[in-house]
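The block underneath contains the structure these notes are about, expressed in structure tokens.
The model shown is predicted, which means the values in this text are computed figures rather than measured ones. We name chains A, B, ... by the order of the sequence lines, and we start the count at 1 in each one.
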Amino acid sequence: MDKNEVLIQLQEIFRDTLDNEEVVLTFDTTANDVEEWDSLTHIHLVVSIEKHFKVRFTSKEIQSWKNIGELADGILAKK
Amino acid sequence: MVFNSLPFVLFFLIFFFLYWFAFKGNYKLQNILVLGGSYFFYGWWDWRFLFLLIGVSALNFLLGIYIDKTESTARKKWLLYIGLLQGIGGLFVFKYFNFFVTSFIDAFAAINISLSIHTIRIILPLGISFYTFRTISYLLDVDRGKIKPCTDWVVFFSYVSFFPSLISGPIDRAGLLIPQLQKKREFDYEQAVDGFRQILWGLFKKLVVADNCATFTNEIFGNFESLPASSLLLGLFFYTIQIYADFSGYSDMAIGFARLIGFNITKNFDFPFFSQNIAEFWQRWHISLTSWLTDYVFTPLSIQFRDLGNRGLILAIMINFLIIGIWHGANWTFVLFGLLHGAYYIPLILRGKIFKKKKSLKGKLVPSFTEFRNMVGVFLMAMVGFVIFRADNISEAFGFYGKLFSSSMFSVPVISNRSGAVITMLFIIVLFVIEWLGKSNEYAIGDIGTRFSKPVRWGIYYLLVVTIFFFAATGKEFIYFQF
């Protein structure tokens, strides 16, 4: 799986979890760019991502991501 | 020296002149002035607490540098713990020590064991809750690698004691304020006018709305046992408006003064009473505190508890709001206030409503019936909570609730100054209409500079100044100074 594939799958997870089909992700997307992505939905996203990719992150890793690109790198590093 | 006092006006005039004329173009000298001015401003209240402020600044300055320098993870952690211990320990000693001692004695007295532990007389250093949160977040951000440590002590000490927001916030993050202290600042006429405008709006909220409400809330809360429920309801309505106008008015002034010296600091209120549910209310009320807790308490906790599903989320919310409650002071009333607001989230979480974003009302002239009903609902929930917030102790709060929910709700309110109450009510309506029309702006009248021609604009300023002069109630302290 390459980084672009991860991005496509992440976009699907975001659309499902945030209940918004219009969410478009790029590697530079941050929480400020997606209206529904706040501190409360964040935790749902993390759980969905971990389940989908069958990975487990530490608290520190989760809090270190600055954008979707870093999250995708985090997923690939665990694979 | 409060913002709306003669000493502060004189202080700020001299400061402004030196800052933009004598030290023009030299930001390092301007920073020294900011630091000296902040210490003068703080020392005006009580110079003894300056030692604490300086000591705290020095310790955290050094810790920040060493946390970054140290290679060993274990050592980094220890340095961080020293900082956290100082911050939380300082708050504990000055704010909560007696509360814990008396609660401990009461708990043992309940099982018939009498303890003789002495409480000590401690005076609360002004602004300690605000500047402690600045230093804690600074160290955590350095530790997490979010920011680089500050190596210029004048800049760091100025960040901790920045006078516009030292006493009552907003609680600025280092990542926002420190970079502004590290670069050249040019006088910008538009920015200065905007600062003045926001100060004027803050003065209106504080002196005309909040202080007039205070006259009635003091009367009604002081005698609630002998008044009918309708008076209590009116008093509670006035108090809810008072606390908003008081604190958001103060924040407007703080932001305005910072803008006058070339800084953009954190927004603290975003029209909270136009929220659609309680979660949105807390995203718009005392934003600098709630976002601080979201970043450093709620998010780490919710990550830890993520395997517990909704129960984990509720637990994280309850702990978060417990801290919001006791941040306000050492009293069981604040504990209960926090827990009540935390509990308000539970139905939203269980029904999954919290994860669905409401459409923003910004730019909308007329709300739909449901939107209006939601706003009223949020206001009523806030009102219920403010009974506990205002009460001196839990039994007083329940005494108030007992009187409030009684049949005398449907009687004519008893109030000593009826015409005064009507005028205050009119000012509240004016406040809400202007806020509704200006809810897309940074602050309610933020866009009149671009929206109206010069004569209309000046007409509005003149009207505000005249209203403040004629209708300002006198001598009320800012509520948030006690925190």
Okay, L40(A) and chain B: the region with an atom under 4.5 Å from a heavy atom over there is both

Answer yes or no: is there a side-chain heavy-atom contact under 4.5 Å between H52(A) and E12(A)?
no

Under 4.5 Å to a heavy atom of chain A? For R144(B) that would be side chain

Exercise. Quick one: are W37(A) and H42(A) in side-chain contact, heavy atoms under 4.5 Å?
Worked result: yes

>> Evaluate Y344(B) against W282(B) for ring-ring contact (aromatic ring centres under 6.0 Å, His included), listing each step before the verdict.
In response: CA-CA 11 Å; Y344(B) 280 161; W282(B) 279 104; 9.5 Å; no

Is NZ or CZ of K78(A) both nearer than 6.0 Å to the six-membered ring centre of F53(A) and within 45° of the ring axis? no

So, the part of T294(B) with a heavy atom under 4.5 Å from chain A: the answer is side chain

Close side-chain approach of C150(B) to Q182(B), heavy-atom, < 4.5 Å
yes

Honestly, the part of I349(B) sitting under 4.5 Å from a heavy atom of chain A is neither

Honestly, the part of D295(B) sitting under 4.5 Å from a heavy atom of chain A is backbone

Does F247(B) reach the side chain of F269(B), with side-chain heavy atoms less than 4.5 Å apart? yes

Bottom line for S64(A): the part with an atom under 4.5 Å from chain B's heavy atoms is neither

Chain A shares the most heavy-atom pairs under 4.5 Å, among G145(B), P300(B), S291(B), G309(B), with P300(B)

